[in-house]
Amino acid sequence: MNKPIEELIGKKNLSASPFFKKVYTLVAQIPEGKVSAYGDVAKALGISGAARAVGTAMANNRDSKHVPCHRIVRSDGNVGFYKGGPEGSMEKRKRLMDEGIEFLESSLKIKNFDKFRYKKFNISLQEITKS
DNA sequence: TGTGTGACAAAGC
DNA sequence: AGCTTTGCCACAC
């Protein structure tokens, strides 16, 4: 038997689990030119302490075409990791800059984080409730 | 059931 | 302003 592709590329198939599906649904709402923190997403789901779990969800995102995981950053304005780890941080920064996000000079930190921060997620009761 | 993992966060220094 | 420490959570095995 061949190994599943997920294993070959270093990702596991977490995207099917309920929690991650909800996360992806929210992240998909973030418009271009806006960013949100891992913790913001967790909070929107009513699990304010699950920032770390949101990070896990991003690391295992299978559908970057519809789930703009580069728009999820750290609560202090640092871009955080991308595409599996710190190697991707610069690319993440570039992608965000291309969308109009401003950065501090030679830094991975967003300037005026507040100004670009998106928190108003639309959550239907259904999405939360459905286990 | 219990343990280990990680793209985090807030507090402490 | 930049560490380190400690707490957190969902999920895989």
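A note on names: the letters A, B, ... follow the listed sequences, proteins ahead of strands, and every chain is numbered from 1. Only this structure's heavy atoms are used, side chains among them; waters, hydrogens and symmetry mates stay out. All values derive from a computational prediction rather than experimental measurement.
Which of B/dA7, B/dA10, B/dC8 sits closest to the side chain of A/C69 comes down to B/dA7. In this structure, the nucleotide among B/dG6, B/dA9, B/dA7 sitting nearest to the side chain of A/A51 is B/dA9. Of all nucleotides listed (B/dA9, C/dC11, B/dG6), B/dG6 comes nearest to the side chain of A/R52. When distances run from any side-chain atom of A/A50 to the nucleotides C/dC9, C/dC11, B/dA9, the shortest one goes to C/dC9. Considering only the side chain of A/I47, C/dA10 comes nearest among B/dG6, B/dA9, C/dA10. Nearest to the side-chain atoms of A/S75 among the listed nucleotides C/dC11, B/dA10, C/dA10 stands B/dA10.
Not a single donor-acceptor pair under 3.5 Å links the side chain of A/K34 to the backbone N or O of A/Y118. A/R93 places a side-chain N or O within 3.5 Å of a backbone atom of A/S107 that can act as its donor or acceptor partner.
Remark: A/E99 engages A/R71 in a salt bridge, criterion side-chain N to carboxylate O under 4.0 Å.
Between the C1' atom of B/dA11 and the CZ atom of A/R74 lies a distance of 16 Å, rounded to the nearest Å. With rounding to whole Å, A/Y82 atom OH is found 20 Å from B/dG6 atom P. Atom CG in A/N78 sits about 11 Å away from atom P in C/dC3, given to the nearest Å. In this entry the distance linking CG of A/N60 with P of C/dC9 reads 20 Å, nearest Å. The separation between A/D76 atom CG and C/dC3 atom P is 12 Å, rounded to whole Å. Counting to the nearest Å, the P atom of C/dC11 and the CG atom of A/L45 are 11 Å from each other. Between A/Y38 atom OH and B/dA7 atom P the separation is 8 Å, expressed in whole Å. When rounded to the nearest whole Å, the span between CG of A/L104 and C1' of C/dA1 equals 12 Å.
For B/dA7 and C/dC13, the C1' atoms lie 22 Å apart once the distance is rounded to whole Å.
Base pairing of B/dC8: its partner is C/dG7, meeting the Watson-Crick or G-U wobble criterion (both donor-acceptor distances under 3.5 Å).
Applying the 6.0 Å contact sphere to CG of A/D63 captures more than 12 heavy atoms from other residues, nucleotides or ligands.
A/G84 comes within 4.0 angstrom of a nucleotide base, judged by non-hydrogen atoms across all strands. At the heavy-atom level, A/G39 lies under 4.0 Å from the strands shown only through sugar-phosphate atoms.
OP1 or OP2 of C/dC11 sits under 4.0 Å from a side-chain N or O of A/S17.
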- Check step by step if side chain to side chain contact (heavy atoms under 4.5 Å, CB included) holds for A/M97 and A/F103. CA-CA 7 Å; A/M97 283 195 83; A/F103 279 81; 3.4 Å; yes
